[in-house]
Asks: 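Let me give you the structure first, and then I'll get to my questions.
Every number for a ligand or one of its atoms is a count from 1 in the order of the listing.
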Amino acid sequence: MRLVFLGAPGVGKGTQAELVASKFHQPRISTGDILREAVRNKTALGLEAKACMDQGKLVSDAVVVGIVKEKLAEPVCAAGFLLDGFPRTVPQAEELSKMLDSKGQRLDRVINVLVSREDIVRRLSGRRSCAKCQAVFHVDFARPQREGVCDRCGGELIQRSDDRRETVEARLVVYENQTAPLIDYYRRKGLLSELDGSGSVEVVHKRMVELLAAQGLS
Ligand code: AP5
């Protein structure tokens with residue numbers, strides 16, 4: 001299974017990618033998670049990425065393409081992977097295509113998750129993430145068992161710095177200008193499927209599994 005999860009910030013693609021990854025035992029590659037870990041560890045990559053992320057801008061294509069190339073070369077990705085948050089620009093998509101061509105591989109499907117702007121704002125403003133393991137919660141829709149504490153590792157739950165209202169607005173503009181063109185890009189290649197991301201996490205997951213099954217991916 002080689003899938004790309006596409007969609008505006010906060011539509012729930014990370015949540016759904018995680019569920020699909022665990023159901024089908026496929027590795028999930030989230031460029032956002034990798035960049036945030038680099039920021040936390042104050043690596044050279046993290047220092048470079050932080051300024052862009054805090055302003056809601058994209059990190060350079062060269063940097064993220066390098067990250068994904070390294071990840072896809074790992075043996076665990078040989079039999080499949082789920083890309084969450086990559087590609088995000090047409091040049092990134094072209095680089096991905098070259099990477100896969102060089103291994104004689106191809107994408108099975110690109111799933112574009114669709115949610116209203118109102119839902120996006122509610123989902124992002126209430127999101128809380130574990131400072132240690134990056135597990136994702138929501139103050140209303142995915143509450144942890146103990147407030148402020150990660151169910152998975154006991155770490156502290158925090159609000160992502162780019163989930164502040166002004167930064168969310170900036171991320172949505174960046175999405176429209178730089179990432180939304182990928183919808184047509186993949187539609188023209190016959191790879192695009194659209195998924196209604198409204199409703200509870202469980203309802204969306206059920207739709208996702210049905211969509212994959214309809215594509216012969218299960
Ligand atoms: P990234 O981390 O990829 O952020 P994003 O694309 O903006 O997506 P999000 O993580 O905000 O949202 P999501 O759709 O995954 O939603 P989630 O499942 O968490 O990127 C961050 C930054 O890194 C970028 O701005 C950029 O600077 C940089 N970057 C990353 N990749 C890059 C690339 N390829 N090129 C250049 N730069 C890059 O859900 C959101 C909330 O809603 C959660 O609280 C969740 O619990 C809740 N929720 C989920 N589903 C539901 C549901 N069905 N009902 C109710 N609540 C729900």
Asks: Can you list the ligand 1 atoms lying under 4.0 Å from a non-hydrogen atom of T15?
Replies: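 It comes down to these atoms of ligand 1: 17 (P), 18 (O), 39 (O), 45 (C), 49 (C).
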Asks: Identify, by atom number and element, the atoms of ligand 1 in contact range of G85, meaning under 4.0 Å from any of its heavy atoms.
Replies: 31 (N), 32 (C), 33 (C), 34 (N)
Asks: Treating R128 as the side-chain partner and E147 as the backbone partner, does any N or O pair qualify as donor plus acceptor under 3.5 Å?
Replies: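 Between the backbone of E147 and the side chain of R128 there is no qualifying donor-acceptor contact (under 3.5 Å).
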Asks: Scan R28, R40, K71 and name whichever one has a salt bridge (charged side-chain N to carboxylate O under 4.0 Å, His left out) with D33.
Replies: R28
Asks: Counting only nitrogen or oxygen atoms and a 3.5 angstrom limit, does D84 reach ligand 1?
Replies: no
Asks: Less than 3.5 Å between some nitrogen or oxygen of V11 and one of ligand 1, yes or no?
Replies: yes
Asks: I need the contact type for Y175 against ligand 1. Using non-hydrogen atoms and a strict under-4.0 Å cut-off, is it side chain, backbone, both or neither?
Replies: neither
Asks: CD of E166: more than 12 outside heavy atoms within 6.0 angstrom?
Replies: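 Count over threshold, so yes.
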Asks: Answer with side chain, backbone, both or neither: which part of L35 has a heavy atom less than 4.0 angstrom from an atom of ligand 1?
Replies: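 Just the side chain.
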Asks: Would one find an N or O of P87, backbone or side chain, under 3.5 Å from an N or O of ligand 1?
Replies: no
Asks: Where is the nearest protein heavy atom to atom 15 (O) of ligand 1: which residue, which atom, and how far?
Replies: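 Of the protein heavy atoms, G14 N, 2.9 Å lies nearest.
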Asks: Looking only at heavy atoms of G7, does any of them come nearer than 4.0 Å to an atom of ligand 1?
Replies: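 It does not, in that no heavy atom of G7 comes within the 4.0 Å cut-off of ligand 1.
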Asks: Taking 4.0 angstrom as the limit and counting only heavy atoms of S200, give me the atoms of ligand 1 inside it, by number and element.
Replies: 53 (N)
Asks: Should the pair D163-R171 be classified as a salt bridge under the 4.0 Å nitrogen-to-oxygen rule?
Replies: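 Judged by the 4.0 Å cut-off on N to carboxylate O distance, D163 and R171 do form a salt bridge.
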Asks: Just to be sure I read this right, does ligand 1 sit under 4.0 Å from the backbone of L124, its side chain, both, or neither, counting only heavy atoms?
Replies: side chain
Asks: Short list, please: which atoms of ligand 1 are under 4.0 Å from a heavy atom of G199?
Replies: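 Ligand 1 atoms under the 4.0 Å threshold to G199: 52 (C), 53 (N), 54 (N).
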Asks: Give the numbers and elements of all ligand 1 atoms closer than 4.0 Å to a heavy atom of K57.
Replies: 26 (C), 27 (O)
Asks: Any salt bridge between K206 and E210, counting N to O under 4.0 Å?
Replies: yes
Asks: What part of S30, side chain, backbone, both or neither, has a heavy atom within less than 4.0 angstrom of ligand 1?
Replies: neither
Asks: Please step through salt bridge (charged side-chain N to carboxylate O under 4.0 Å, His left out) for the pair R187 and E194, ending with a clear verdict.
Replies: CA-CA 10 Å; R187 187 179 283 124; E194 305 220 297; 3.6 Å; yes
Asks: Using a strict cut-off of less than 4.0 Å between a Lys/Arg side-chain nitrogen and an Asp/Glu carboxylate oxygen, indicate whether K189 and E94 qualify as a salt bridge.
Replies: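 Answer for the salt bridge query: no.
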Asks: Side chain of T89, backbone of Q178: donor and acceptor closer than 3.5 Å?
Replies: no
Asks: Please confirm whether the backbone N or O of L211 pairs with a side-chain atom of Q215, one donor and one acceptor, at under 3.5 Å?
Replies: no
Asks: Do any nitrogen or oxygen atoms of V204 lie less than 3.5 angstrom from nitrogen or oxygen atoms of ligand 1?
Replies: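 N/O-N/O distance under 3.5 Å: no.
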Asks: As an exercise, identify every atom of ligand 1 less than 4.0 angstrom from a heavy atom of T31.
Replies: 30 (C), 31 (N), 32 (C), 34 (N)
Asks: Only one of Q105, R106, E95 clears side chain to side chain contact (heavy atoms under 4.5 Å, CB included) with L100; which?
Replies: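 Of Q105, R106, E95, side chain to side chain contact (heavy atoms under 4.5 Å, CB included) with L100 is met by Q105 alone.
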Asks: Mark up the atoms of ligand 1 that fall under 4.0 Å of a heavy atom belonging to V136, in ascending order.
Replies: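 Per the distance check, 19 (O), 43 (C), 44 (O), 45 (C), 46 (O).
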Asks: Counting heavy atoms not belonging to K69, are there more than 12 under 6.0 Å from its NZ?
Replies: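 Counting neighbours around NZ of K69, 12 or fewer heavy atoms of other residues, nucleotides or ligands fall under 6.0 Å, so no.
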Asks: Is a donor from one side chain sitting under 3.5 angstrom from an acceptor on the other, for D61 and Q92?
Replies: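 Indeed, the side chains of D61 and Q92 share at least one donor-acceptor pair under 3.5 Å.
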Asks: Please report which non-hydrogen protein atom sits nearest to atom 47 (C) of ligand 1, along with the residue it belongs to and the distance in Å to one decimal place.
Replies: H138 CD2, 4.0 Å
Asks: Between R123 (side chain) and V11 (backbone), is there a donor-acceptor pair under 3.5 Å?
Replies: yes
Asks: Pull out every atom of ligand 1 sitting under 4.0 Å from any heavy atom of Q92, numbered as shown with elements.
Replies: 33 (C), 34 (N), 35 (N), 36 (C)
Asks: Please work out which of R122, R171, R88 has its closest non-hydrogen atom nearest to atom 6 (O) of ligand 1.
Replies: R88
Asks: Select one of side chain, backbone, both or neither to describe which atoms of V201 lie under 4.0 Å from any atom of ligand 1, heavy atoms only.
Replies: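 Both parts.
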Asks: Quick check: does any side chain N or O of D151 sit under 3.5 Å from a backbone N or O of P144, one acting as donor and the other as acceptor?
Replies: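 Side chain of D151 to backbone of P144, a donor-acceptor pair under 3.5 Å: no, none is there.
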Asks: Just go through R128, R160, R123 and tell me whose heavy atom is the nearest to atom 10 (O) of ligand 1.
Replies: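 It is R160 that holds the nearest heavy atom.
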Asks: So, regarding G126 and ligand 1 (criterion: nitrogen or oxygen to nitrogen or oxygen, under 3.5 Å), is there a contact or not?
Replies: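 So ligand 1 has no N or O lying under 3.5 Å from an N or O of G126.
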Asks: Can you check side-chain hydrogen bond (donor to acceptor under 3.5 Å, both in side chains) on N41 and T43, steps first, answer last?
Replies: CA-CA 5 Å; N41 294 334; T43 63; over 6 Å; no
Asks: Below 4.0 Å, non-hydrogen atoms only: which portion of L58 touches ligand 1? Side chain, backbone, both or neither.
Replies: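 Both the backbone and the side chain of L58 come within reach of ligand 1.
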Asks: Does any part of the side chain of L212, heavy atoms only, come nearer than 4.5 Å to the side chain of M208, both counted from C-beta?
Replies: yes
Asks: Is there any N or O on F137 that sits under 3.5 Å from an N or O of ligand 1?
Replies: yes
Asks: So which protein heavy atom does atom 23 (O) of ligand 1 come closest to, and at what separation?
Replies: M53 CE, 3.4 Å
Asks: Which is closest to atom 2 (O) of ligand 1 in terms of heavy atoms, R36, R127, Q134, E202?
Replies: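 The residue whose heavy atom sits nearest atom 2 (O) of ligand 1 is R36.
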